[in-house]
Asks: 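Have a look at this one.
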Amino acid sequence: MTAPQVESGVVRTRFCPSPTGMVHVGLMRTALFNWAHARHTGGQMVFRIEDTDASRDSEESYRHLLDSLHWLGIDWDEGPEVGGPHGPYRQSERHDIYRDVAARLLESGHAYASFSTNEEVDARRLAAGQDPKLGYDNADRYLTDAQKAAFRDEGRSPVLRLRMPDEDLAWTDLVRGEVRFAAGSVPDFVLVRGNGVPLYPFVNPVDDALMGITDVLRGEDLLPSTPRQLALYRALTDIGVASGTPRFGHLPYVMGDGNKKLSKRDPQANFDVYPERGFLPEGLTNYLALLGWSIAEDRDVFSVAELIEAFDVTRVSANPARFDLKKAEAINATHLRALPVEEFIVRVIPYLAKAGLVSDPPTPEQLALLTAIAPLAQERMIVLSDAVGLLGFLFTADVEIEPAAAEKQLGAGAGEVLDAATAVLQALPEWTTAAIETALKEALVDGLGRKPRQAFGPVRVAVSGRTVSPPLYESIELLGRERTLARLAAARGAATG
RNA sequence: GCCCCCAUCGUCUAGCGGUCCAGGACGCCGCCCUUUCAAGGCGGUAGCACGGGUUCGAACCCCGUUGGGGGCACCA
């Protein structure tokens with residue numbers, strides 16, 4: 001294995017998740033920033049799967065990751081599905097590479113066999129009057145061949161540790177500026193387990209080196225492990241596996257409620273809820289990009305193209321960002337309203353179909369109805385699935401009145417209103433929005449002397465089952481006389497006044 | 001315990017020594033529009049953690065304090 005030939009000066013980022021469990025929004029934010037950085041600079045992004053932990057990794061989770069990336073619109077230049085010259089792109093298929101690199105590190109003296117058990121290390125620390133929390137004491141660096149042989153004869157199989165350099169380890173972080181760790185503050189760390197299985201802190205930089213990664217944008221949680229990686233890179237460069245050390249940028253945490261990292265238990269942490277609720281990919285991308293970055297002083301709504309055009313890692317904020325669902329929704333609603341209505345219809349159909357309201361594809365009648373109501377619905381929705389509640393009444397024979405809506409609008413005085421509405425609509429010669437509006441206003445506002453909000457509330461609930469609906473007269477026209485009258489009658493029966 | 005990161009309205013942020021009695025957005029409140037709810041328009045609420053420096057001048061630079069977060073595995 002030797003350092004790869006890659007075009008010099010071209011930025012190469014990477015996204016390298018472990019396929020374990022759910023897809024976390026923080027992870028997707030990391031993917032997005034790597035992608036935006038690559039696209040902005042005209043570089044490339046590599047997608048690699050870190051499936052070294054067979055007990056936790058699953059094929060299902062891997063597929064899920066792929067789906068999530070596709071949904072968000074993130075693509076990659078090398079990796080699963082697209083291949084590339086630096087594969088394989090799954091760590092589970094790269095064991096030979098790690099074995100080879102480990103052997104060369106050992107041979108070149110950058111790494112050494114270490115036999116100490118944790119208990120022995122602790123005992124030595126204690127004996128020296130030190131805190132065992134200091135960790136490994138680098139003692140095995142100085143083992144003689146005879147000592148090593150003795151340990152092997154005991155049946156011990158050593159781990160492989162990297163010899164840390166005796167000097168400060170510092171780098172200029174893309175988002176934080178210079179970060180420095182004092183010499184001696186990081187002990188020699190384990191590259192390969194006693195059983196021969198390589199560890200993440202080893203394989204990750206090896207893969208990055210072999211894949212020609214130039215810019216590593218990752219979570220802030222990995223910042224303390226950077227000195228070790230720096231040291232590893234030096235060693236890898238020395239033996240010809242790496243052609244230098246990449247730039248690092250540590251992205252701020254995405255926080256949940258309270259002062260904690262958005263945890264797996266936070267419902268908002270699960271990326272799946274966004275596609276399911278009908279966030280738009282462009283809406284969620286916009287919001288995710290705002291978690292630590294901003295496009296301009298007076299603007300926070302932008303397209304994916306504008307993100308790519310303007311994205312600059314060095315302007316990413318170093319402080320943690322709290323995930324604010326309300327703001328995410330507001331941003332999404334703006335994108336939703338900006339959609340051309342035909343596009344809005346196309347996107348909303350799967351949600352209506354999933355709820356059983358329309359077939360997929362919709363029948364011509366359903367499509368006509370949807371086309372008529374879409375412009376009126378679009379501006380009062382936040383996410384696409386809102387259409388189910390907002391428009392459901394138009395696509396069903398009967399409507400189920402929400403208890404809260406009945407409580408609010410079908411109490412005292414509602415009977416009178418429903419009777420009057422029924423009478424006037426029954427006799428209405430022409431079933432048009434304008435005629436319905438005139439008739440209802442005359443009957444309820446003028447005739448009964450009701451305030452508009454008291455007059456139309458019960459009618460709306462009767463017709464749509466909810467206190468929130470598309471504009472009333474249009475809704476009634478689209479519903480048709482028969483269903484409208486049936487619903488008024490049903491509501492009349494339920495009304496307490 | 002040790003190491004590291006962070007610190008501007010409730011929240012996300014702009015600000016990179018004077019143009020800031022700190023700008024935008026979400027939220028919240030009020031008004032307008034209005035057949036509900038929204039949307040839209042207008043207005044309002046609210047912040048530079050604290051203490052020392054440096055400087056003619058500090059939200060911006062330095063030091064300290066406090067507060068918050070993270071890391072110290074033969075997990076990733």
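Proteins come first, then strands; the chains are lettered A, B, ... in the order of their sequence lines, and each starts at number 1.
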Asks: Is A:Arg90 paired with A:Glu59 through a side-chain N to carboxylate O contact shorter than 4.0 Å?
Replies: yes
Asks: Hey, what's the ring geometry for A:Phe115 with A:Phe151, parallel, tilted or perpendicular (30° and 60° as the breaks)?
Replies: parallel
Asks: Can you tell me the base-pairing partner of B:rA7? Count Watson-Crick or G-U wobble geometry only, both distances below 3.5 Å, and say none if there is no partner.
Replies: B:rU66
Asks: Any side-chain N or O of A:Arg193 less than 4.0 Å from the OP1 or OP2 oxygen of B:rC75?
Replies: yes
Asks: Answer with base, sugar-phosphate or nothing: what part of the nucleic acid does A:Phe181 contact at a heavy-atom distance below 4.0 Å?
Replies: sugar-phosphate
Asks: Would you kindly compare A:Glu178 and A:Ser157 by the position of their nearest RNA chain B nucleotide and give the one closer to the 5′ end?
Replies: A:Glu178
Asks: Determine the interatomic distance between C1' on B:rA14 and the same-named atom on B:rG40; round to the nearest Å.
Replies: 26 Å
Asks: Side chain of A:Leu472 only, please: which of B:rG1, B:rU35, B:rU36 is the nearest?
Replies: B:rU35
Asks: Between A:Asn319 and B:rU8, is there a contact of a side-chain N or O with OP1 or OP2 at under 4.0 Å?
Replies: yes
Asks: Atom CG of A:Leu251 to atom P of B:rU13: distance rounded to whole Å?
Replies: 12 Å
Asks: Mind checking A:Val159 for me? I need base, sugar-phosphate or nothing, with any heavy atom below 4.0 Å counting as a touch.
Replies: base
Asks: Sort out the partner of B:rC72 for me: Watson-Crick or G-U wobble, both distances under 3.5 Å, none otherwise.
Replies: B:rG1
Asks: Quote, to the nearest angstrom, the P distance that separates B:rC31 from B:rC16.
Replies: 38 Å
Asks: Is there a Watson-Crick or G-U wobble partner for B:rU34 with both distances under 3.5 Å, and which nucleotide is it?
Replies: none
Asks: Mapping A:Leu290 and A:Asp131 to their closest nucleotides on RNA chain B, which lands nearer the 5' end?
Replies: A:Asp131
Asks: Looking only at side chains, do A:Tyr112 and A:Asp188 share a donor and an acceptor under 3.5 Å apart?
Replies: yes
Asks: The side chain of A:Val190 lies closest to which of these nucleotides: B:rC74, B:rA25, B:rC37?
Replies: B:rC74
Asks: A:Val46 and A:Ile213: which non-hydrogen atoms are nearest, and at how many Å?
Replies: CG2-CD1, 3.9 Å
Asks: Please state how far atom CG in A:Asp386 lies from atom C1' in B:rA39, giving the value in whole angstrom units.
Replies: 13 Å
Asks: Taking the side chain of A:Pro452 as its heavy atoms from C-beta onward, which of B:rC74, B:rA25, B:rU35 lies nearest to it?
Replies: B:rU35
Asks: Nearest to the A:Ser294 side chain among B:rU13, B:rG1, B:rC26, which nucleotide is it?
Replies: B:rU13
Asks: Taking the cut-offs as 6.0 angstrom to the six-membered ring centre and 45 degrees off its axis, would you call A:Arg487 and A:Phe393 a cation-pi pair?
Replies: no
Asks: For residues A:Tyr98 and A:Asp207, is any side-chain donor paired with an opposing acceptor at under 3.5 Å?
Replies: yes
Asks: For the pair A:Arg218 and A:Glu50, find out whether any cationic side-chain nitrogen is under 4.0 Å from an anionic carboxylate oxygen.
Replies: no
Asks: Between B:rG30 and B:rG69, how many Å separate the two P atoms, rounded to a whole number?
Replies: 35 Å
Asks: Could you check whether A:Glu50 gets within reach of a base, just the sugar-phosphate, or nothing at all, counting any heavy atom under 4.0 Å?
Replies: sugar-phosphate
Asks: Would you kindly give the NZ-to-P distance between A:Lys451 and B:rU34, to the nearest whole Å?
Replies: 16 Å
Asks: For atom C1', what is the distance between B:rC9 and B:rA49, given to the nearest Å?
Replies: 14 Å
Asks: Using the C1' atom as the point on both nucleotides, what is the distance between B:rG15 and B:rG24, in whole Å?
Replies: 12 Å
Asks: Taking NE2 from A:His250 and P from B:rC5, how many angstroms apart are they, rounded to a whole number?
Replies: 12 Å
Asks: On the nucleotide B:rG15, are OP1 or OP2 found under 4.0 Å from the side-chain N or O atoms that A:Arg315 carries?
Replies: yes
Asks: Rounded to whole Å, please give me the gap between CZ in A:Arg460 and C1' in B:rU35.
Replies: 6 Å
Asks: Roughly how many Å apart are B:rU55 and B:rG10, using the P atom of each and rounding to a whole number?
Replies: 34 Å
Asks: Please state how far atom CZ in A:Arg380 lies from atom P in B:rC37, giving the value in whole angstrom units.
Replies: 10 Å
Asks: Contact class for A:Ile382 (heavy atom, under 4.0 Å): base, sugar-phosphate, or nothing?
Replies: nothing
Asks: What is the base-pairing partner of B:rC28, counting Watson-Crick and G-U wobble geometry with both distances under 3.5 Å?
Replies: B:rG44
Asks: Give me the distance, rounded to whole Å, that separates B:rG68 from B:rU34 when you measure between the C1' atoms they each carry.
Replies: 47 Å
Asks: Among B:rA76, B:rC37, B:rU11, which nucleotide has an atom closest to any side-chain atom of A:Leu222?
Replies: B:rA76
Asks: Nearest to the A:Lys133 side chain among B:rC74, B:rG1, B:rC12, which nucleotide is it?
Replies: B:rG1
Asks: As a test of reading the structure: which of B:rC6, B:rG71, B:rA76 is closest to the side chain of A:Ser18, going by heavy atoms?
Replies: B:rA76
Asks: With C1' as the reference atom in both, quote the distance from B:rC63 to B:rU54 in angstrom, rounded to an integer.
Replies: 11 Å
